[in-house]
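Encoded as structure tokens, the structure appears first; notes follow it.
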Amino acid sequence: MAEKKEARIGVFICHCGTNIAGSIDIKALQEYAKTLPNVVVADEYQYMCSTPGQGKIVDAIAESKLTGVVVAACSPRLHEPTFRMASKVGGLNPFRFEMANIREQNSWVHMHDREGATAKAKDSVRIAVAKASLLEDLFPKSVPVEKAALVVGAGVAGIQASLDLANAGIPTYLIEKSPTIGGRMSQLDKTFPTLDCSQCILTPKMVDVGRNENIILKTYTEVEKVEGYIGNFDITLRKKARGVLTPDEAAERGYVGGGCNGCGDCAGVCPVIKGNEFEFAMAPRKAIYIYHPQVVPNIYTVDFESCIKCGLCVDICGDKKAIDLEMEDTFETVKVGTAILATGYDLFPIEKKAEWGYNRYENVITGLEFERLICASGPTGGHLVRPSDGQTPMKVGFVLCAGSRDNTGVGKPYCSRFCCMYSLKHAHQIHEKIPGARVYLFYMDIRSFGKMYEEFYYRIQDEGAKFIRGRVSNILEDATTKNLHVFTEDTLLQRPINLELDLVVLASAVQPVAEEDTIRKLFGVSKSQDGWMLEAHPKLNPCGTTTAGVFLAGVCQGPKDIPDTVAQAEGAASAASIPIHTGKVELEPYFAQCMDEKCAGCGMCVNLCPYGALALVEKNGRKVMEVTEAKCKGCGTCGGFCPGGAIHMQHFTTPQIVAQIDAFLLGGEQ
Amino acid sequence: MAIEKNYGNPQLEEKLRDRYFYTDDSNPEFLANVEKIGRTIAHMCFQCGTCTGSCPSAPRSSYRIRLFVRRAVLGLEDEALTDPDLWLCTTCYSCTDRCPRDIAPTDIIMAMRNLAFKRDIVPRNFLKTAQLIYTTGHGVPNNDVNRAAREKLGLTRDPPTTHGYPEFIPGIQKILDYYKLKENADRILAEEGQ
């Protein structure tokens with residue numbers, strides 16, 4: 001800490017058009033700023049972030065020999081980097097810049113109280129000047145970045161992100177909790193609005209994942225532990241006991257030429273029958289199984305919860321020795337520079353909305369169950385049937401917004417965003433496969449916002465689908481025929497509706513997967529009010545998170561259809577590849593520093609640190625704390641706790657904070 | 001199927017009538033007929049309300065053209081054809097000009113009037129208009145008030161229509177006879193009078 005020169009502060013006030021100037025008296029604020037201690041320049045401009053606005057800062061630093069800069073404008077989350085850069089261009093250390101937020105925290109919330117807002121802005125500027133007078137030169141720390149990436153979840157988002165990263169030359173670990181990759185998209189029959197066969201467009205990508213030399217695919221694997229920081233994450237993976245060896249794993253055990261080749265002999269002899277989760281238990285599987293014939297990798301899996309260890313599969317597998325019924329979970333740690341989370345979604349448990357009778361009425365199904373029932377590779381070979389009697393339904397209803405746009409606390413308040421479109425597609429598939437069938441869509445709004453979506457809606461209406469504008473209030477079942485009476489209002493006709501239908505499909509809301517909370521906490525990612533993972537900025541940084549080096553792709557960030565999911569996955573892959581290709585990242589220098597002469601070596605801070613950045617070390621014959629700067633996030637937990645005041649928080653030093661508090665409480669009268 | 005109740009009181013029964021829309025209330029033929037006669041894609045209506053918003057009758061009556069198109073889509077034949085509002089369209093074609101789905105709502109109404117006439121559901125004034133056209137060539141024939149006004153404006157007492165050239169009336173009658181318009185109007189009015 002060099003001897004301080006006398007502080008010379010420049011204050012710059014932004015009008016932000018009328019965003020700030022509309023509620024705050026800029027002239028009065030400027031005149032006030034001139035009276036503050038250490039202030040040598042006080043200027044104002046329409047848009048400080050514009051090139052002329054930044055030019056004022058650059059010029060003033062040279063002309064008035066400023067030691068600190070205060071800009072009173074918007075949130076530092078928006079323009080702190082802009083003004084730091086301007087300060088740097090002007091020849092000042094960028095960390096000698098301080099921002100006073102007089103927009104988000106002032107003019108926008110006190111829009112109709114000009115006097116009060118102006119008084120509050122004066123407080124903000126006074127406090128910022130107090131801190132700016134004590135700011136010191138700081139230097140960001142540069143750390144190297146591991147040339148590898150991690151992608152969690154191998155649905156279409158994870159697959160696309162991995163392929164992009166791998167094709168950019170980055171070794172990529174693709175982690176999937178299920179035995180196969182493909183995710184939700186592999187369960188779909190066709191995709192809107194093009195009516196492409198979902199499997200046909202997805203399987204080539206799945207095969208590419210299996211073949212790409214830069215992709216290290218790890219199925220039936222979960223993230224156990226995350227340590228480290230951007231550039232240097234140490235990720236511990238739990239490889240769940242699969243009970244079956246891949247050819248490589250078999251070779252490692254000395255069974256060269258052995259391992260699972262996906263022949264399926266084992267499933268043929270297995271005596272245990274369970275519901276196949278992939279088919280929503282509408283088709284059986286054995287205790288040793290694959291979900292469907294197109295799985296990647298084509299390796300069987302033992303369901304140890306159901307396996308009775310009779311050993312029939314081991315016998316029939318014979319010399320391949322692929323089956324190990326005593327296998328246990330194993331762990332490995334991989335080092336990566338950046339990570340992408342793509343954990344996807346589950347259906348909202350729609351039986352919670354009891355009025356629609358899901359699980360109580362046999363002929364009420366979900367949209368995903370419909371996908372399996374209409375899919376040629378599904379349990380009925382693509383023949384849509386009523387679950388109650390196997391008959392072809394001739395009158396089918398679709399309940400849109402089932403559990404979405406629901407503020408009761410039972411359902412989800414948000415729009416699930418793709419149900420309108422897949423229900424339209426379902427209507428088309430019924431028209432196509434069942435001549436003479438009548439389709440009713442019960443809707444509040446049809447949200448067909450994407451490219452060629454409205455045209456698709458037009459096409460389905462032209463095919464004869466009936467759109468009833470009204471949310472379904474309840475469904476009753478005829479106990480004899482198992483037909484369903486659907487009640488709503490045709491709000492356009494203003495008449496109550498009681499339609500007797502053969503089959504009802506609920507376009508159920510979607511929600512984060514059960515594991516989402518665990519995973520996002522491992523990576524230090526927040527969630528938004530609606531439960532989905534929180535992006536760094538909803539518009540300007542939709543793939544990033546508040547944890548540097550961790551990115552989001554697909555529905556885990558919020559409901560989105562396949563085109564949007566793939567687009568975000570490519571965005572996330574691009575963002576995640578930047579630090580890796582740059583080879584190093586700069587960390588903000590808000591590190592804790594131990595003042596060895598004050599440290600008593602008690603070590604209480606070591607356990608408090610949420611990032612494991614602190615350790616006790618021997619120095620000059622006594623124990624003192626040492627900070628691993630790259631791990632420290634500058635949260636201040638240690639500094640606030642230290643009983644001896646031995647921890648110096650850079651950029652948030654005790655004198656700086658005390659000066660801010662004094663400036664506020666004493667109103668500048670010292 | 002609507003549930004019937006009997007209170008022995010017709011007014012109360014009407015008030016408490018089951019107004020649910022059931023699948024068997026719908027006659028898909030009705031939509032097909034309306035589209036065939038009106039030569040327009042009624043089934044593509046997405047009920048935006050541009051038609052009713054454009055309609056000069058709507059603010060001055062209970063006539064809602066959007067509602068008639070909805071009834072066509074759902075096949076609610078009786079409800080559409082027995083509603084006296086069906087006859088409040090002035091056929092100005094503003095709705096047809098503005099419909100974003102390029103439907104001709106006016107022609108849907110005209111088709112419905114056609115179908116209603118086939119079932120003898122027509123207001124008396126329309127039938128009387130048909131009779132007047134048959135006898136005079138005019139829906140609203142000239143009268144003394146009009147004649148005085150015409151004179152004041154320097155026009156002939158009668159316009160150069162069938163009023164001035166009554167020899168053309170038989171031609172008009174031939175057209176109306178072909179469609180049995182006069183015959184049916186006479187019959188319906190006579191039956192009503194009984």
Side-chain angles (χ1 to χ4, degrees), chain A residues 393-397 420 424 427 431 435-448 453-470 472-476 478 481 483-504, chain B residues 1-4 16-32 34-36 40-53 58 62-83 85-86 99-103 105 108:
Chain A
M394 294 308 289
K395 287 181 196 166
V396 185
C420 282
L424 289 170
H431 290 139
R438 283 160 81 177
V439 176
Y440 297 90
L441 288 107
F442 301 94
Y443 72 102
M444 293 195 276
D445 302 283
I446 294 289
R447 298 185 167 178
S448 51
Y453 288 10
E454 185 66 21
E455 292 88 335
F456 189 70
Y457 170 28
Y458 188 95
R459 172 177 172 183
I460 306 313
Q461 192 173 359
D462 198 27
E463 287 173 354
K466 297 290 179 214
F467 293 82
I468 311 258
R469 184 170 162 260
V472 171
S473 58
N474 61 315
I475 298 174
L476 294 178
D478 183 318
T481 61
N483 287 350
L484 302 158
H485 286 266
V486 177
F487 296 88
T488 183
E489 181 194 354
D490 187 322
T491 54
L492 299 163
L493 199 62
Q494 297 195 12
R495 257 180 76 173
I497 299 273
N498 172 357
L499 290 185
E500 186 178 353
L501 304 176
D502 300 335
L503 182 72
V504 170
Chain B
M1 192 71 64
I3 296 153
E4 298 291 342
L16 300 180
R17 179 165 63 85
D18 179 353
R19 285 179 171 79
Y20 267 131
F21 167 76
Y22 298 92
T23 25
D24 43 13
D25 291 349
S26 176
N27 172 17
E29 284 301 301
F30 180 56
L31 174 62
V34 165
E35 294 208 327
K36 197 169 136 199
T40 188
I41 45 173
H43 71 284
M44 290 315 301
C45 173
F46 59 13
Q47 294 281 296
C48 64
T50 305
C51 48
T52 303
S62 56
Y63 172 55
R64 299 287 178 266
I65 183 158
R66 176 189 59 75
L67 190 56
F68 279 95
V69 184
R70 184 76 190 140
R71 288 161 171 167
V73 171
L74 291 180
L76 289 170
E77 182 168 9
D78 288 349
E79 194 174 312
L81 301 190
T82 59
D83 185 344
D85 286 350
L86 177 61
C99 173
R101 288 224 146 172
D102 208 19
I103 303 167
I108 292 171

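Throughout, a chain's letter reflects where its sequence line sits, starting with A, and its residues are numbered from 1. Everything quoted here is computed from the prediction, not taken from an experiment.
- Atom CG of B:Leu74 and atom CD1 of A:Ile497 lie 6.5 Å apart (nearest 0.5 Å).
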Give the C-alpha distance, both sets of side-chain angles, the deciding distance and a yes or no for side chain to side chain contact (heavy atoms under 4.5 Å, CB included) between A:Leu493 and B:Glu79. CA-CA 11 Å; A:Leu493 199 62; B:Glu79 194 174 312; 4.2 Å; yes
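- Under a 3.5 Å cut-off, the side chain of A:Arg495 and the backbone N or O of B:Arg19 do form a donor-acceptor pair.
- Among all heavy-atom pairs drawn from B:Cys45 and A:Gln461, the shortest one is O-NE2, 2.7 Å.
- No side-chain N or O of B:Arg70 forms a donor-acceptor pair with one of A:Gln494 less than 3.5 Å apart.
- The pair B:Arg101-A:Glu454 counts as a salt bridge, with a side-chain nitrogen and a carboxylate oxygen less than 4.0 angstrom apart.
- Annotation: A:Tyr458 is not in aromatic contact with B:Phe46 [ring centroid separation under 6.0 Å not met].
- A:Arg438 places a side-chain heavy atom less than 4.5 Å from the side chain of B:Ser26.
- Among all heavy-atom pairs drawn from A:Leu499 and B:Thr23, the shortest one is CD2-N, 3.4 Å.
- For chain A, no part of B:Arg64 is nearby; none of its heavy atoms comes within less than 4.5 Å.
- Ranked by heavy-atom pairs shorter than 4.5 Å toward chain B, the options A:Asp462, A:Leu501, A:Ile468 are led by A:Asp462.
- Under the ring pair (Phe, Tyr, Trp, His ring centres under 6.0 Å) criterion, B:Phe21 pairs with no residue, sequence neighbours left out.
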